[in-house]
Structures are given as C-alpha cells and as structure tokens.
Novice: 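Below: one structure in structure tokens.
Only heavy atoms go into these numbers, but all of them, side chains included; no hydrogens, no water, no symmetry mates. Every chain is numbered from 1, with letters handed out A, B, ... down the list of sequences. A quick note: this is a predicted structure, and the numbers were derived from the prediction, not measured.
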2 protein chains.
Amino acid sequence: MVTNQIREILKDKNLKITPQRVSILETIFSLNNHPNAQQIIDAVHKKNPNISVGTIYKTLDTFVETGVIVKVRHIDESLRYDWRVENHHHLYVEDDNQIVDYINDELNLLLEDFFTKNRIPGFEIKSVKVHINGKYIQE
Amino acid sequence: MVTNQIREILKDKNLKITPQRVSILETIFSLNNHPNAQQIIDAVHKKNPNISVGTIYKTLDTFVETGVIVKVRHIDESLRYDWRVENHHHLYVEDDNQIVDYINDELNLLLEDFFTKNRIPGFEIKSVKVHINGKYIQE
DNA sequence: ATTGCTGCAAACTCTTTGCAAGTTC
DNA sequence: GAACTTGCAAAGAGTTTGCAGCAAT
C-alpha cells in the first residue's frame, strides 16, 4: 500500500492528513493477521516511537467511526481490527498467536443453505463465521 | 448443583473445602453462558460481597489447574471459563454480552464431511466451531 | 484564522502478586 | 500443628479521557 493511496483514503473521509495517521494506517495495512490494539501500538512504535499511545487509540477510534477499518468484536472483550469487509473464516493456529484467513465460497454456500433450512427461533442471523482450530504440521 | 456435590468435587481434587471455594464454584455452575472472570466476580459478589477479588482470581486458577473447570482461549486474550467439554457452537448476541450454546449434530456432521473432503494443506484441524452472530428479535 | 489533532498525564479497569493473619484437616 | 487459603494492598498491563498547545486546511 503506497502512502499516496493512504492519503487519498484519509481525504475521502474528510480526515486531516497528519504524519501520525498516515503512519498508523500504513502499519495496519502492513500487518497481515487482524492485529489488536496492542500489536498495532508495538508495530507503530517500531517505526515512530514518538507517537503517543493515546493518539493511537484515538486514531483507531476515528478510523472505525469513519469506516476506514472495522472493529471485530469476536467476543465482548477481544477486539481486533481488520480492513476487509467480505465474510471469511479463520484458522486459529495453536501455540502461536496467529489467525489466518480462510476463504472458501463452497463453505459459505453450505452454511447459508444449512441456516436457511434450520432457522433459530427468535434469532436473526447477521453473519456466520467458522473458527478452525489446529496447527501446522510437517507433511 | 447441590452444595454436597460441590464439596465432593473439591474433595476429589484434594482441595480444602472453604466457604469461598464452595461459593465460587456454585456460582460458576449457576451461570449458563461461559462467564469470564469479571462476570464470575460480579455474580459471586452479589451473594458474598466480602470475598476478595484476589481470592476469586486465585481460586479460578486453582480450579483450572486441578481440572475442575477449563479455561477456553477463544483468541489469545479472551478468556472464558466452561465446565463442558463436548464440541458445540455459539450464538453471539449483539448489543449484549451473551454467548448462547448452539448444539446441532447435523451441523457437526456437515462440517466434518466438508473438511474431510477439503483438507487444508499442512494444517491439522483439531476442532471446528461456528460463531453465529446476530440478535434476538420479536416474532 | 479556524478547526481539529497531538502529546502528556491522570485516571480507570482488569488482573497478578507478596505477605501476614486466619482456616482447614 | 502443618499446610494451605484468604484478604489486603500494592503494582502492572491495557485503555480512556481532558486539556493546553500545535498543525493542517
């Protein structure tokens, strides 16, 4: 992701283009696997140790409010940030704090079909995500 | 869950039977939906405000170490406690910190079949859990 | 010049830890 | 009585907030 693209994203959202925001957004785009706030802070500080923690939290809030990124509420207290919107699933890698995207349209269709046929009374489904837990092995 | 059963569980694990432990375990069994530490603390304090927070945290650790309860690491920083072992799925209720069990054998079979046919190269699957996000509605 | 952003510091929540006093067996 | 458990208080991590000064438009 080039800096110019980032400046354009900010401009589109009527956000002032500051070095801090550019750097933070650049960092988020450089992190592959749904970083949480702490991981973003650490990564930002590697390049710019002088950006304050408060600023980073406020910037993340701003990005979420304006739709630059989304805040994924996996469970009430576990927040992760992602800039992708499409529905996809995740591999949770054991002994490793890694979360890898798993995209499979056939699985999406299968689940959609299942939950159409098996409605949950009184419950409106917004999205269905599959968490695949396991680990990488030598083959 | 009767207090006598709880005393027996503690005795089986060679844990000293203290009023605090009985009360905490009673509370955990009374909470249906995978409470986190804070929810357990709140619930315990409703009945026994004088049990200290430190004691509750230590007791939870002790229970986990001895296998009375399990600590479920949904994602690296989101811990919830549960005493059930069987594989089941969850409804994540929006605007509400509720997680409701969703048990459906047909869904389990469907997923098992899918991932048998669609192996992920180099990845050993330990478990597959479906997170159904949505909200309750008036019907 | 105006608006909005940043950095700092204080404060708050959740969790962990050490230790002296108290409780269980 | 020995061993373990509790409560308290201090401390640490992560996050939020207010405000004065500063930067972007």
Novice: In whole Å, what is the span from the CD1 atom of Ile41(A) to the P atom of dG7(C)?
Specialist: 13 Å
Novice: Can you list, in residue-number order, the parts of residues 48-56 of chain A that come under 4.0 Å of DNA chain C, counting heavy atoms only?
Specialist: Asn50(A), Ile51(A), Ser52(A), Thr55(A)
Novice: Which nucleotide wins on minimum distance to the side chain of Leu15(A), given the candidates dG18(D), dC5(C), dT25(D)?
Specialist: dC5(C)
Novice: To the nearest Å, how far apart are Lys11(B) NZ and dC25(C) P?
Specialist: 9 Å
Novice: Could you state the atom-to-atom distance from CD1 of Ile17(B) to P of dC4(D) in whole Å?
Specialist: 16 Å
Novice: Would you mind telling me which residue lines up with the more 5' stretch of DNA chain C, Thr18(B) or Arg21(A), judged by nearest nucleotide?
Specialist: Arg21(A)
Novice: Take the protein atom CZ of Phe63(A) and the nucleotide atom P of dG4(C), then report the distance between them rounded to whole Å.
Specialist: 17 Å
Novice: With a 3.5 Å cut-off and heavy atoms only, can you find an N or O donor on one side and an acceptor on the other between the side chain of Lys16(A) and the base of dA23(D)?
Specialist: no
Novice: Could you go through His45(B) and Asn50(B), starting from their C-alpha distance and side-chain angles, then the distance that decides it, and tell me whether this counts as side-chain hydrogen bond (donor to acceptor under 3.5 Å, both in side chains)?
Specialist: CA-CA 7 Å; His45(B) 279 171; Asn50(B) 41 328; over 6 Å; no
Novice: Any side-chain heavy atom of Leu60(B) within less than 4.5 Å of one from Ile28(B)?
Specialist: yes
Novice: Provide, to the nearest angstrom, the distance between the CG atom belonging to Asp12(A) and the P atom belonging to dT25(D).
Specialist: 14 Å
Novice: Does the side chain of Phe63(A) reach to within under 4.5 Å of the side chain of Leu10(A), using non-hydrogen atoms?
Specialist: yes
Novice: Between the base of dG7(C) and the side chain of Lys58(A), is there a donor and acceptor pair under 3.5 angstrom?
Specialist: yes
Novice: Just compare dT25(D), dT24(C), dT15(D) and give me whichever is closest to any side-chain atom of Gln38(A).
Specialist: dT15(D)
Novice: Are any non-hydrogen side-chain atoms of Asn104(B) and His89(B) less than 4.5 angstrom apart?
Specialist: no
Novice: Over how many whole Å does the gap from Leu60(A) atom CG to dT15(D) atom C1' extend?
Specialist: 11 Å
Novice: Roughly how many Å is it from NZ in Lys13(B) to P in dT24(C), rounded to a whole number?
Specialist: 22 Å
Novice: The side chain of Tyr57(A) is closest to which nucleotide in this list: dT15(D), dT24(C), dC14(C)?
Specialist: dT15(D)
Novice: Please state how far atom CD in Gln39(B) lies from atom C1' in dT13(C), giving the value in whole angstrom units.
Specialist: 15 Å
Novice: When you look at His131(B) and His131(A), which way does the ring pair (Phe, Tyr, Trp, His ring centres under 6.0 Å) test go after all the steps?
Specialist: CA-CA 7 Å; His131(B) 290 218; His131(A) 290 217; 3.4 Å; yes
Novice: Taking only N and O in the side chain of Gln20(B), is any of them less than 4.0 Å away from OP1 or OP2 of dT23(C)?
Specialist: no
Novice: Taking the side chain as every heavy atom from C-beta outward, state whether Thr18(B) and Thr59(B) have any pair of such atoms under 4.5 Å apart.
Specialist: no
Novice: Between dT24(C), dA24(D), dC5(C), which nucleotide gets closest to the side-chain atoms of Pro19(B)?
Specialist: dT24(C)
Novice: Run the salt-bridge test on Lys117(B) and Asp113(B) with the 4.0 Å N-O cut-off and return the result as yes or no.
Specialist: yes
